[in-house]
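The first residue of the sequence shown is numbered 1, and numbering continues consecutively from there. For the numbers below, each heavy atom of this structure counts, side chains included, while hydrogens, waters and symmetry mates do not.
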Amino acid sequence: MTTKKNTYKVEKRTAIIDFAEDSPWHGVETTVAISVPFKTLFWFQKAVQDTESSETNQEALRKFGDEFLISWNVTDSDGNEYPATGEGLIAVEDSTLVTALMEAWVQAVVNPSENLSSKSASSGMSEKQSMEQLASISEPQLN
């Protein structure tokens, strides 16, 4: 007699990143995918820390925008929406917003909230919290 094993299906997860009221980007609401393989996560952590290579930074922006940015409500000063793509992300006139968004995304991947559903969660981080949490991330030490 064959018994069927119980299995666990890994669901794609998303998070809503919205910045706290004291953030300069309060009102920005972004939906991102947070189901990320470790290899990709480690690459992004290293890329974010690599401030010397503009090629790596542009590659990280494009990859984030094309693979993990699902939607957002960001427009230019004339009210035209930036597409939720890598090119749209690179075109944003406020690089500090893009940096804070990517940092908040890394945090959502690394430390999903305890009540994260299989569909969404909200970071609600201020810029300062986002920066502090990103600074605390380090590559794992393998023994």
Side-chain angles (χ1 to χ4, degrees), residues 4-143:
K4 186 176 179 179
K5 289 185 178 181
N6 289 336
T7 61
Y8 175 80
K9 182 179 177 182
V10 176
E11 298 287 335
K12 298 278 184 184
R13 294 178 185 248
T14 62
I16 295 172
I17 298 172
D18 59 346
F19 293 94
E21 287 185 25
D22 62 343
S23 168
W25 307 289
H26 178 67
V28 172
E29 188 173 296
T30 307
T31 302
V32 292
I34 60 169
S35 297
V36 178
F38 272 110
K39 181 178 181 178
T40 303
L41 176 62
F42 295 150
W43 182 86
F44 268 101
Q45 286 176 321
K46 185 174 181 179
V48 167
Q49 294 173 359
D50 183 7
T51 58
E52 300 297 316
S53 172
S54 63
E55 284 181 24
T56 302
N57 292 334
Q58 286 185 29
E59 184 180 356
L61 287 171
R62 282 190 179 91
K63 186 174 187 75
F64 171 68
D66 292 339
E67 296 180 22
F68 303 104
L69 179 61
I70 296 170
S71 67
W72 62 353
N73 64 346
V74 179
T75 65
D76 66 16
S77 57
D78 295 326
N80 301 309
E81 288 185 21
Y82 287 108
T85 63
E87 287 304 314
L89 200 64
I90 289 172
V92 173
E93 297 164 352
D94 185 350
S95 62
T96 56
L97 165 59
V98 174
T99 300
L101 180 60
M102 285 190 65
E103 291 169 350
W105 170 74
V106 168
Q107 285 306 309
V109 171
V110 173
N111 298 313
S113 68
E114 290 180 8
N115 11 340
L116 177 68
S117 72
S118 62
K119 299 298 175 199
S120 67
S122 177
S123 74
M125 278 188 238
S126 70
E127 174 189 9
K128 183 178 178 186
Q129 289 169 318
S130 174
M131 299 289 192
E132 288 171 353
Q133 286 187 355
L134 184 69
S136 70
I137 297 173
S138 62
E139 291 189 51
Q141 301 297 315
L142 301 176
N143 294 332

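Atoms OG1 and CZ, from T40 and F42 in turn, are 10.5 Å apart once rounded to the nearest 0.5 Å. Note that CG of D76 and CG of D94 are 12.5 Å apart. Values are rounded to the nearest 0.5 Å. Put simply, OG1 on T30 and CE on M102 are 12.5 Å apart, with the number rounded to the nearest 0.5 Å. The OG atom of S71 sits 8.0 Å away from the CD1 atom of I16 when rounded to the nearest 0.5 Å. The CD1 atom of I34 lies 12.0 Å from the CD atom of Q107; values are rounded to the nearest 0.5 Å. Taking OG from S95 and CG from L89, the interatomic distance works out to 11.0 Å, rounded to the nearest 0.5 Å.
Contacts classified as salt bridge (charged side-chain N to carboxylate O under 4.0 Å, His left out) and involving residues 63-72 (residues at least two apart or in different chains) are given here: K63-E67.
T85 places no side-chain N or O within 3.5 Å of a backbone atom of G65 that could act as its donor or acceptor partner. Between the side chain of W25 and the backbone N or O of T96, no donor-acceptor pair lies under 3.5 Å.
Of all heavy-atom pairs spanning V32 and F64, the tightest one is CG1-CZ, 4.0 Å. What you find for S35 and R13 is that their closest heavy atoms are OG-N, 2.6 Å. Shortest non-hydrogen contact noted between G88 and Y82 is O-CD2, 3.8 Å.
Side chains of N73 and V28 form a contact here, defined as non-hydrogen atoms less than 4.5 Å apart. With a 4.5 Å cut-off on side-chain heavy atoms, W72 and V92 count as touching.
The aromatic rings of F44 and W105 lie perpendicular to each other, with more than 60° between the two planes, well past the 30° mark.
In summary, of the residues considered (T99, L69, V98), a side-chain contact (heavy atoms from CB on, under 4.5 Å) with L61 occurs for V98 alone.
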